[in-house]
Amino acid sequence: MVDKLEGGSTNKIVKIFILFFIVAICCLVLNYHSNTYILEFFPNSNNSILSKNLSTYDSYINGKKSSRQENYLTYSKKQKIKLRKVLKETAMGDKTVIITTLNAAWTAPNSIFDIFLESFRIGNNTESLLKNLLVVAFDQIAYLRCLEIHTHCYALITKNVDFSGEKRYMSGDYLKMMWRRTDFLRIVLQMGYNFIFTDADILWFRQPFAHFYSHVDFQIACDYYLHNSSDPNNSPNGGFKFVKSNNQTIQFYKFWNKSRRTYPGKNEQDVLNIIKYSPFIKKIGLKMRFLDTSYFGGFCEPSKYINYVCTMHANCCIGLDNKIHDLRMAINDWKNYMALPNDERKSYKYTWTLPRICG
């Protein structure tokens with residue numbers, strides 16, 4: 001009888017222990033989700049809600065729970081659903097989207113973002129492309145700023161990293177941001193969308209489509225162009241590229257991202273400069289071409305004549321203030337050019353007055 005009582009007591013203790021263990025696990029799960037709730041739904045918020053709750057959100061990330069920033073979601077199922085939605089809303093009829101990425105430093109008033117959008121508005125038949133432009137924000141400040149002045153915005157949050165400030169070229173956070181961008185573009189391709197990726201320090205003066213190569217999978221602008229679009233010795237610049245969604249480009253982007261581990265400490269452009277010679281490109285059948293700086297120029301190698309240029313990139317230029325200064329000069333050059341009568345514009349070999357600080 002005593003043995004039976006002792007056995008029953010032991011069973012009760014085990015059952016109570018299991019019950020307490022289950023309750024404790026549930027509490028931990030609920031606590032985790034309460035901390036991540038605001039971050040999980042932040043990208044889907046609207047202007048009025050974000051504006052109303054901005055002070056609350058600021059206190060959240062700057063207060064006691066700031067250590068929980070590692071809970072930002074990346075590529076969750078919900079995030080992918082939201083991305084598919086915004087891609088569908090932004091895309092052209094052939095599922096091509098123009099994409100740029102920004103952080104808070106570049107979206108500040110009168111900074112790069114404003115100049116970038118202005119170029120579309122004053123360009124030759126480029127304003128209509130704004131409806132196909134998706135702005136991907138690396139932090140919540142950039143996302144809020146985008147919502148104020150643009151239609152299509154998407155928040156791409158990276159845990160454990162604050163991307164809001166100016167990131168100096170080749171700094172640790174700069175490298176993380178560039179590789180985060182490359183991986184994001186892979187996701188876009190896997191979702192079946194072609195993209196024209198453009199850095200925000202690129203001015204759009206004309207539509208580029210007539211100067212893209214047909215039946216090419218991956219085409220990219222250059223810092224310096226060798227007058228042969230097939231020559232791998234061209235110096236590609238990852239700030240502007242047109243990529244079609246297919247098996248070849250998806251495999252290539254996976255290979256590109258994987259190569260980061262092979263060449264640690266290098267940015268995505270430096271790694272591309274290495275892997276562009278890889279036999280893997282031929283093996284998967286990827287067709288790669290390099291774009292002429294006559295149409296897709298930059299401060300490294302400005303297009304000789306403004307009559308033909310589609311884009312102008314503030315490459316070969318380090319420092320946000322330096323970029324802003326010379327990009328404003330380019331905007332002024334374009335405005336002066338467009339102020340000329342049509343017949344004079346066609347015959348006049350108008351050249352740039354830049355770069356002044358950059359280059």
Is the backbone of [Y] close enough, under 3.5 Å, to the side chain of [X] for a donor and an acceptor to pair up by distance?
X: Asp199; Y: Asp201; result: no
X: Lys80; Y: Lys77; result: no
X: Asp139; Y: Ala142; result: yes
X: Asn103; Y: Trp106; result: yes
X: Asp270; Y: Lys266; result: no
X: Asn234; Y: Pro236; result: no

State, yes or no, whether a side-chain contact exists between [X] and [Y] at a heavy-atom distance under 4.5 Å.
X: Ile357; Y: Met329; value: no
X: Arg345; Y: Tyr337; value: yes
X: Trp179; Y: Phe184; value: no
X: Phe255; Y: Ile284; value: no
X: Phe138; Y: Arg181; value: yes

Would you call Arg260 and Asp183 a salt bridge, taking side-chain N to carboxylate O under 4.0 Å as the test?
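No, no charged N to carboxylate O under 4.0 Å.
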Can Arg356 and Asp326 be counted as an ion pair, charged N to O under 4.0 angstrom?
no
Assess, by modelled atom type and distance only, whether the side chains of Thr293 and Glu301 contain a donor and an acceptor separated by less than 3.5 Å.
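Yes, a side-chain donor-acceptor pair sits under 3.5 Å.
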Between Asn237 and Asp223, do the side chains contain an N or O donor and an N or O acceptor separated by less than 3.5 Å?
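Side-chain D/A pair, Asn237 to Asp223: present.
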Quick one: which of Asn194, Asn247, Thr249, Asn246 gives a side chain to side chain donor-acceptor pair (under 3.5 Å) with Asp217?
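Checked Asn194, Asn247, Thr249, Asn246 against Asp217; only one passes side chain to side chain donor-acceptor pair (under 3.5 Å): Asn246.
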Are Phe205 and Trp334 close enough that their ring centres sit under 6.0 Å apart?
yes
Is it the case that the ring center of Tyr154 lies less than 6.0 angstrom away from the ring center of His152?
no
Please say yes or no: joined through hydrophobic side-chain contacts below 4.5 Å, possibly via intermediate residues, are Phe113 and Ile331 part of one cluster?
yes
Check SG atoms, Cys358 and Cys317, less than 2.5 Å apart:
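Looking at Cys317 and Cys358, their sulfur gamma atoms lie closer than 2.5 Å, so the answer is yes.
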So which atom in [X] and which in [Y] form the shortest heavy-atom distance, rounded to 0.1 Å?
X: Leu102; Y: Ala200; result: CD2-CB, 3.3 Å
X: Phe116; Y: Ser119; result: O-OG, 2.7 Å
X: Cys222; Y: Phe290; result: SG-CB, 3.6 Å

All N/O donor-acceptor pairs, side-chain side in residues 123-137, below 3.5 Å, sequence neighbours left out:
unit_1: Thr126; atom_1: OG1; unit_2: Phe120; atom_2: O; d: 2.7
unit_1: Lys131; atom_1: NZ; unit_2: Ser128; atom_2: O; d: 2.9
unit_1: Asn132; atom_1: ND2; unit_2: Thr90; atom_2: O; d: 3.0

Holding to salt bridge (charged side-chain N to carboxylate O under 4.0 Å, His left out), I want the full list of residues that pass it with Glu118, two or more places apart in sequence or in another chain.
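Counting only residues at least two positions away or on another chain, Glu118 forms a salt bridge (charged side-chain N to carboxylate O under 4.0 Å, His left out) with Lys335.
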Arg289: what forms a salt bridge (charged side-chain N to carboxylate O under 4.0 Å, His left out) with it, not counting sequence neighbours?
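With neighbours one apart ignored, the set is empty.
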Pairs satisfying ring pair (Phe, Tyr, Trp, His ring centres under 6.0 Å), at least one member in residues 305-324, at least two apart:
none
Provide the full list of ring pair (Phe, Tyr, Trp, His ring centres under 6.0 Å) pairs with a residue in residues 228-250, sequence neighbours left out, each pair given once.
Trp204-Phe240, Phe212-Phe242, Phe240-Phe296
Let me see the working for Leu320 and Ile324 under side-chain contact (heavy atoms from CB on, under 4.5 Å), right down to the final yes or no.
CA-CA 6 Å; Leu320 183 59; Ile324 291 172; 4.0 Å; yes
Suppose the criterion is salt bridge (Lys or Arg N to Asp or Glu O under 4.0 Å): which pairs have a residue in residues 93-115, not counting sequence neighbours?
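Sorted result for residues 93-115: Asp114-Arg145.
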Could you check Asp333 against Thr353 for side-chain hydrogen bond (donor to acceptor under 3.5 Å, both in side chains), going step by step and ending with a plain yes or no?
CA-CA 7 Å; Asp333 285 346; Thr353 62; 2.9 Å; yes
